[in-house]
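Data first, discussion second: the structure below is written as structure tokens.
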Number of protein chains: 2
Amino acid sequence: MELRQLRSFVTLVESDFNVSQAAERLHLVQPAVSQHLRQLEDELGVRLFRRRGKRLLGLNEVGDKVLAYARAALTATGNIAAVGKDHAQEQTGVLRVAATHTQARYVLPSVVRRFSAEYPGVALEIHQGTPAQLIDMVVRDGVDLAVCTEGLDPHPALLAVPCYRWNRCLVAPEGHPVLACKPLTLDVLCAYPVITYVFGFTGRGNMSDTFSREGLRPHVVLGAVDTDVIKTYVREGLGIGIIADMAYQPDHDADLARRDLSHLFPWEVTKIAHLRNKYLRGFQQRFIDVFQAETAGLGQVGRGPKTG
Amino acid sequence: MELRQLRSFVTLVESDFNVSQAAERLHLVQPAVSQHLRQLEDELGVRLFRRRGKRLLGLNEVGDKVLAYARAALTATGNIAAVGKDHAQEQTGVLRVAATHTQARYVLPSVVRRFSAEYPGVALEIHQGTPAQLIDMVVRDGVDLAVCTEGLDPHPALLAVPCYRWNRCLVAPEGHPVLACKPLTLDVLCAYPVITYVFGFTGRGNMSDTFSREGLRPHVVLGAVDTDVIKTYVREGLGIGIIADMAYQPDHDADLARRDLSHLFPWEVTKIAHLRNKYLRGFQQRFIDVFQAETAGLGQVGRGPKTG
DNA sequence: AGAATTTACGCGGTCCGTAACCATG
DNA sequence: CATGGTTACGGACCGCGTAAATTCT
């Protein structure tokens with residue numbers, strides 16, 4: 001059994017059982033991949049695929065088991081290579097991070113600035129997607145780290161390290177009547193058209209739950225994945241905005257008044273997730289540290305709320 | 001990176017960093033193994049060994065990390081091969097079991113009889129050793145399963161499945177004065193010379209603890225690893241025997257009187273341990289089942305005591 | 001001096017690319 | 001007939017064994 005056979009096998013599965021496509025991804029010609037698969041089946045003495053004629057349709061029961069171990073073997077060898085690079089060329093490499101728009105736009109910039117100053121030789125890739133996509137990317141090893149607030153609790157292959165806590169704030173144009181209301185309650189928020197995130201993004205789930213537990217239904221006139229969009233429509237006078245507190249930028253958003261809402265909604269915890277079995281290079285570990293340090297002002301996990 | 005390089009690397013470590021010896025174990029010549037090691041170091045761009053001149057003395061820090069992942073890779077590929085064999089030749093293979101003398105002599109025979117009837121094509125190897133050696137064998141993958149009663153609680157690489165509970169009994173020649181004592185207490189046992197197991201064997205630890213908790217010290221005139229030896233000396237009149245209950249064989253030991261001692265000592269649990277990350281072939285799993293079934297009469301874990 | 005490791009070299013095997021040949025929808 | 005897979009074949013590479021050179025105890 002050879003590693004290249006396992007690589008062909010795994011790549012084939014990830015290429016929808018299209019041998020030609022797998023070959024291309026592996027920078028090989030198609031007959032080579034076919035041979036690897038045949039060698040693997042011959043050596044094991046078992047068929048691994050469901051077939052119709054020459055076409056491969058999917059894995060059979062044996063193939064499923066083999067796939068899991070093949071992935072484990074390739075992960076292990078990948079780790080060995082990473083350990084090598086980590087000691088041979090400490091300061092160079094690639095760091096692939098996935099994050100939602102809110103994180104990428106408002107939290108990561110300062111982290112990246114500090115990290116890049118420390119590791120000028122490390123190429124950073126910031127990928128963006130929905131929370132579900134982030135999980136998927138990191139599970140498929142399409143990225144090294146994913147900055148997640150929601151949706152990763154159940155996955156056994158991932159390890160999530162908590163980084164900081166945050167909550168929402170209200171934004172409204174100066175002079176808006178809602179700003180006069182004291183105290184701010186859920187009822188008050190329901191009295192105005194609301195602009196906030198769509199479901200599944202930036203804590204929208206927990207927010208909606210809070211309303212419905214009180215038997216309230218806010219009038220959400222617009223849902224966005226992107227805080228910039230929310231702010232824009234708030235400025236247009238379409239409604240009041242409920243956004244993640246760290247997305248309010250005093251320098252640029254002085255025309256919008258902010259009111260803390262942490263007394264109304266549960267705290268969200270933003271974590272960094274990575275594959276449990278994968279070796280993290282020194283600078284990848286360090287990125288997590290820097291992330292935690294840079295977000296310390298926002299609210300450290302396990303300490304009192306601080307949403308300056 | 002090639003699997004054969006990793007194999008050479010791991011084998012070298014397990015051969016006390018003697019390249020020639022590693023080569024022999026791998027059925028290769030020595031320069032071949034040297035080349036593998038050099039290729040590995042060259043490709044990773046890092047030294048993996050502590051050296052004095054050409055001699056290899058041990059691993060350095062990097063080598064340690066690489067070793068762990070190399071083992072993981074080889075385990076994974078081994079698992080793939082096992083899955084293959086498991087489906088291609090269900091009924092044939094090798095099963096290597098390690099056990100202490102007591103288990104091998106008194107518990108395993110009926111298990112083996114039943115198992116072998118079911119799998120005539122499976123070659124059984126019964127290895128014997130001290131409890132510490134059993135753990136070591138299974139951790140180093142020198143055996144597939146280890147039948148253990150003590151000393152495996154802490155090891156993270158192992159999985160132990162509980163099989164049955166047992167306790168001790170007293171054996172003495174017919175007519176011995178101790179047999180007249182009712183009830184049998186710890187004090188009574190201390191009144192006579194005792195023959196039992198040495199420390200670390202067959203529950204001797206828990207037995208001694210029970211005495212010392214009561215401030216008692218039995219007069220152990222002979223410690224053995226082997227119940228047959230204990231019985232022999234009891235027959236010679238050297239003292240009373242305290243042995244594992246399942247080691248009393250009514251057919252052969254009719255000349256020795258037995259008294260249950262389960263009211264005096266804690267129950268012991270015998271488990272079968274195997275490597276957590278290793279694929280167990282069908283018949284290996286089945287051996288565990290058969291073991292549990294055959295020992296059910298002795299005392300099932302989680303049910304009431306039954307030491308018929 | 002002897003044991004252990006590295007260097008040198010050549011043969012055999014095999015990996016993969018090219019090209020021609022089949023199957024399926 | 002186009003897309004996708006297998007069979008056939010040859011050149012280049014490389015893994016390993018033999019043998020000589022080198023280094024450490």
Side-chain angles (χ1 to χ4, degrees), chain A residues 1-60 62-63 66-67 70 73-74 77 80-81, chain B residues 1-60 62-63 66-67 70 73-74 77 80-81:
Chain A
M1 185 181 336
E2 297 294 324
L3 283 172
R4 70 183 88 78
Q5 294 162 5
L6 301 182
R7 257 188 284 273
S8 289
F9 178 64
V10 171
T11 306
L12 177 79
V13 174
E14 291 171 355
S15 306
D16 225 10
F17 298 92
N18 182 324
V19 183
S20 312
Q21 188 182 328
E24 194 167 2
R25 288 197 196 182
L26 291 162
H27 307 290
L28 292 172
V29 294
Q30 190 262 8
V33 174
S34 276
Q35 194 180 22
H36 293 167
L37 301 173
R38 217 168 62 78
Q39 287 169 336
L40 197 58
E41 283 191 322
D42 286 355
E43 184 174 338
L44 298 180
V46 200
R47 309 278 87 173
L48 299 173
F49 305 101
R50 301 191 341 258
R51 294 174 154 86
R52 168 146 51 229
K54 300 184 168 184
R55 294 298 216 289
L56 305 177
L57 304 176
L59 295 175
N60 60 24
V62 187
V66 170
L67 176 63
L74 296 177
T77 53
I80 293 175
Chain B
M1 186 181 333
E2 297 295 321
L3 283 172
R4 72 184 83 83
Q5 296 162 4
L6 301 182
R7 256 188 286 273
S8 288
F9 177 66
V10 171
T11 306
L12 177 79
V13 174
E14 290 169 355
S15 306
D16 225 11
F17 298 94
N18 182 324
V19 183
S20 313
Q21 189 182 327
E24 195 166 2
R25 289 197 196 182
L26 290 163
H27 307 290
L28 291 172
V29 296
Q30 189 263 7
V33 175
S34 277
Q35 193 180 21
H36 293 167
L37 301 174
R38 218 169 62 75
Q39 288 169 336
L40 198 57
E41 283 190 322
D42 286 354
E43 184 174 338
L44 298 181
V46 199
R47 309 280 84 174
L48 299 172
F49 305 101
R50 298 188 346 255
R51 293 175 155 87
R52 170 146 52 226
K54 297 184 168 183
R55 296 294 216 285
L56 304 176
L57 304 177
L59 294 175
N60 61 23
V62 186
V66 171
L67 177 63
L74 295 177
T77 53
I80 293 175

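Within every chain, numbering begins at 1; the chains are lettered A, B, ... in the order of the sequence lines, protein sequences first and strands thereafter.
- Side-chain contact between A:Leu28 and A:His36: present, with at least one pair of heavy atoms (C-beta onward) separated by less than 4.5 Å.
- Annotation: side chain of A:Thr11 is not in contact with side chain of A:Val33 (no heavy-atom distance under 4.5 Å).
- Set against C:dT6, D:dC24, D:dT3, the side chain of B:Pro31 has C:dT6 as its closest nucleotide.
- With C:dT5, D:dT25, C:dC22 as the choices, the nucleotide that has an atom nearest any side-chain atom of B:Gln30 turns out to be C:dT5.
- Between the side chain of A:Asp16 and the backbone N or O of A:Asn18, no donor-acceptor pair lies under 3.5 Å.
- Between D:dG5 and A:Ser34, no contact under 4.0 Å exists linking OP1 or OP2 to a side-chain N or O.
- For B:His27 and D:dG17, the NE2 to P distance is 11 Å, given to the nearest whole Å.
- Of the possible polar contacts, one joining the B:Glu43 side chain to the B:Met1 backbone as a donor-acceptor pair under 3.5 Å is found.
- Between B:Asp42 atom CG and C:dT7 atom P the separation is 10 Å, expressed in whole Å.
- Note: CG (B:Leu3) to C1' (C:dC15) measures 16 Å, nearest angstrom.
- Residue B:Arg52 has a polar side-chain atom (N or O) positioned under 4.0 Å from OP1 or OP2 of D:dT25.
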Please produce a list of atom pairs where a protein N or O lies less than 3.5 Å from an N or O of nucleotides 12-16 of chain D.
residue, atom, partner, partner atom, Å
D:dG15, OP2, B:Gln39, NE2, 3.1
D:dC16, OP2, B:His36, NE2, 2.5

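- The ring-ring contact (aromatic ring centres under 6.0 Å, His included) search around A:Phe17 returns none, not counting sequence neighbours.
- The backbone N or O of B:Val19 lies less than 3.5 Å from no partner atom in the side chain of B:Gln30, so there is not a single donor-acceptor pair.
- At whole-Å resolution of the value, CG in A:Asn18 and C1' in C:dT24 are 14 Å apart.
- Here the C1' atom of nucleotide D:dT6 and the CG atom of A:Leu56 are 11 Å apart, to the nearest Å.
- Listed pair B:Ser20 / C:dA3 fails the phosphate criterion, with no side-chain N or O lying under 4.0 Å from OP1 or OP2.
- Comparing C:dA4, D:dG5, C:dT7 by their nearest atom to the side chain of B:Arg38 picks out C:dT7.
- More than 12 heavy atoms of other shown residues, nucleotides or ligands fall within 6.0 angstrom of atom CD in B:Gln39.
- The CG-C1' distance, from B:Leu12 to C:dT5, rounds to 12 Å in whole Å.
- Rounded to whole Å, the distance from NZ on B:Lys54 to C1' on C:dG2 is 15 Å.
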